[in-house]
Amino acid sequence: MYNPQIAKMFEEIASMLELEEGDHRFEVLAYRKAALTLETTQEDVADIYRKEGIKGLMKLPGVGKGLAGKIEEFMAKGRMRKYDEMKRKYPIDFQGLMKIQGMGAKKAYKLYANLRIKNVDDLKKAIAQHKISGLEGFGKKSEEEMGKGIAMLESGGGRMLLGLALPEAESIIARLKESRLVDRVTIAGSARRMKETVGDLDILTSSREAQRVMDFISKMPEVERVILMGPTKITVRLKIGLNCDIRVVDDASFGAALQYFTGNKDHNVKVRQIAIKNGYKLNEYGLFDKRGKNLAGPDEESIYNRLDMDIMDPEMREDRGEVELSLAHKLPRLVGLSDIRGDLHVHTNHSDGAHSIMDMANYARKIGRQYIGITDHSKSEYVAHGMDEKKFVKHLDEIDKANDKLDGSIRLLKSAEVDILKDGGLDLDDKTMDMMDYRLASVHTSLRMGRQEMTKRVIKAMESGYMSIFAHPTDRKINERSPIDMDLDKVFEAAADNNVILEIDGAPDRLDLNDENILKAKRYGARFSIDTDSHSMQNLTLMRYGVSTAKRGWVLPGSVVNTLGVERLLKEFKK
DNA sequence: GCCGTTTTCGGCCCGACTGTTTTCAGTCG
C-alpha cells in the first residue's frame, strides 16, 4: 500500500514549500489536498496505476498531471526527486513536530535554523534547557505551550470514538441549556456528521451574554483547562482527553454558523462557490448580497433554500456528490432511526451477553423495537461461552417460551451468530441451523489469513445457503484492529448472488461496514441490516450509530431489511 | 499544482485568536 507513504511525502513537501521564497500558498494547498485524497483513498494507487495508468491517478480529486507523475516516479524508483531535494535543505521531521498544537512549518523551521531542532525529541531537550524562550519571536509562554502540546500528544492525542465523544458533547450541551445563558445550543463539526471518530468537539451556541457563557464553560466540571478564550470562541481541554471548541454567535446568525461549522470543508467550499455564483457572500454570520444585506434566515435550511438547494442530512455533507444532487433537487430520502423496527444482532447471557433473554426483550420493547433476533455465539467462540448444538436446542426452546410470555408485545427471532470456520464451513450442523428463523455468520478467528484464502473462505460460507446475514463483515475494530484482508468486490458480488444481507454493525468501536464500504456494496445491489451487536440492555440504544453510518453510505430505507415488519422479514429469510 | 455552467488562464474561503508584538505573522478550523 503506497498511499500513506506518498501522502506523508506530499504533506512534507507542502510544509517545505511554505518556507520557500515567493508565494507558494496555492501550491501548498494543492499538495495538502492531494495528500488528504491519498490518505482517504481505500484503493492502493499501485492498483489504480496498474489498471488505468497515469490517467487513473489523475481521476483522484486534487491529483493532476504533475502530482500523478510524482506518484508514478515514486512507485517506479522508490524515490521522489523533488522530495529528496527539498529534504536536503530542510532535514526536519515536520509531520512529527506539526502534530504539536500551535506548531506550523514556519515555527518548526525557526527552531531548526536557530537551535538545530529536527524532531520532537530535540525539542523536548531544548524545552528542558529553556532554550526556546530566548529565541526571537518566542517567549516564555511559547515554551510552556509547546511543553503542554508534547505532553498532550504523548497522552494519546489521536481521534476519539464517536461513541465516547458524542455522549460527552451531549452532557455539555445539557449543562449549557440548564444554565439559561444560551438561546440555542447544538453539536456541529464531524460529530454532527457522525464520523466514526472525531479529532475534537464543536459546539455552537447563540446568546446575548457571550462573556458569561465563556466564564461558565471555563468552570464546567468536564473541563480540564482552558486552551484559548476570546470574546466569541473558547477552546478547552476536556478531562476525557479531547479538545472542545465552543462558539457563541447572535441568534440571527445561528443558522449560518451551524451550516458553516458542520462542514465538511470541501462541502462548504462548494456551497460558498455557489453563493458567489449567485452574487452572494456566505460566511459564518450569514448569506450577504452585494449591498451587505443578510438574506439568511434563522436556520440552516433557509441558507440552502436561498441558493436554490435542498437541505441534506449532515451525514451526507462530505462532498461526495450531495451538492450536485441538492442543486438538481434530487436528494434521496435516506434511512432514519424512525424507520428501524427491529434489531437482528443481540446477545444474551446464554453466551457473552450481560442480560437474560427476557431482560433484553423488555428493554428492546421499551425503546420501541417490534422484534429482536437473539444471536448468541456458536461453539468455536469458547471464550465467549459459545454453545454447541445440544445447548442450542435448549436455548431455542427457551426463546419460544419467552415469546409465549411476551404474548406478542415484542417478537423474539431464533438465530445465532455462527462462526465462519477457517475452511469456510459453518460452526453448527445443518439440523440445528434449520431450527432457526435466520442465521448471522461472521469471522472471529484466523484473522490474519491471506487475501485470496480469506475471500474464498467467506464466499464458501455464503454459498452454504445458511448464511442470512454477514455480520460485521470486515471485522475491524476502530483504533485497535485492521480489517481482515479480502477482495470486497468479490465478496459483495457473492453476497448479492446468494441473497446474503450485509450487516452495518452499529457498535461504536466497529461501525462495520463503514461508510466507504457501504457505498461500494451498494454498487452490487446490496441489502443491509442495521444492528447494535448488543451485549447488554443499554447497548440496544446504540442503533443511532449504525443508522448514521448507513446514512453516511447513502442507504435508502428500502434496502434495509430491519425496516420491514416481522412477517415480511421472515418471508425474506425463507427465500 | 489543480481545475473548469466565469474552462486552457486566472482563480484558489476567510475569520478568530495568540504571543510577542508596537501592527502583525503564524496557526487553526
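Numbers restart at 1 for each chain; the letters A, B, ... are given by sequence-line order, proteins then strands. Note that the structure is predicted; figures quoted are calculated from it, not measured.
Of the residues in residues 83-101 of chain A, those with a non-hydrogen atom less than 4.0 angstrom from any atom of DNA chain B are A/Ile100, A/Gln101.
For the pair A/Arg116 and A/Tyr112, the cation sits on the ring face: its NZ or CZ lies under 6.0 Å from the ring centre, inside 45° of the axis.
The gap from the C1' atom of B/dG15 to that of B/dG10 amounts to 24 Å, rounded to the nearest Å. Separating the C1' atom of B/dT21 from that of B/dG26 is a span of 12 Å, rounded to the nearest Å. Taking atom P in both B/dG4 and B/dG19, the straight-line distance is 41 Å, to the nearest Å.
Between A/Glu168 and A/Met160, the closest side-chain pair of non-hydrogen atoms is not below 4.5 Å.
Contacts of A/Arg333 classified as side-chain hydrogen bond (donor to acceptor under 3.5 Å, both in side chains), with partners at least two apart in sequence or in another chain: A/Asp339. Applying the side chain to side chain contact (heavy atoms under 4.5 Å, CB included) test to A/Asn539 and every residue at least two apart in sequence or in another chain returns A/Ser534, A/His535, A/Ser536, A/Leu542.
Between A/Glu300 and A/Arg192, at least one side-chain N (NZ, or NE/NH1/NH2) sits under 4.0 Å from a carboxylate O, which counts as a salt bridge.
Residue A/Lys107 places none of its side-chain N or O atoms closer than 4.0 Å to OP1 or OP2 of B/dG26.
A/Lys233 places no side-chain N or O within donor-acceptor distance of the main-chain N or O of A/Leu228, the cut-off being under 3.5 Å.
Rounded to whole Å, the distance from CG on A/Leu29 to P on B/dC12 is 11 Å.
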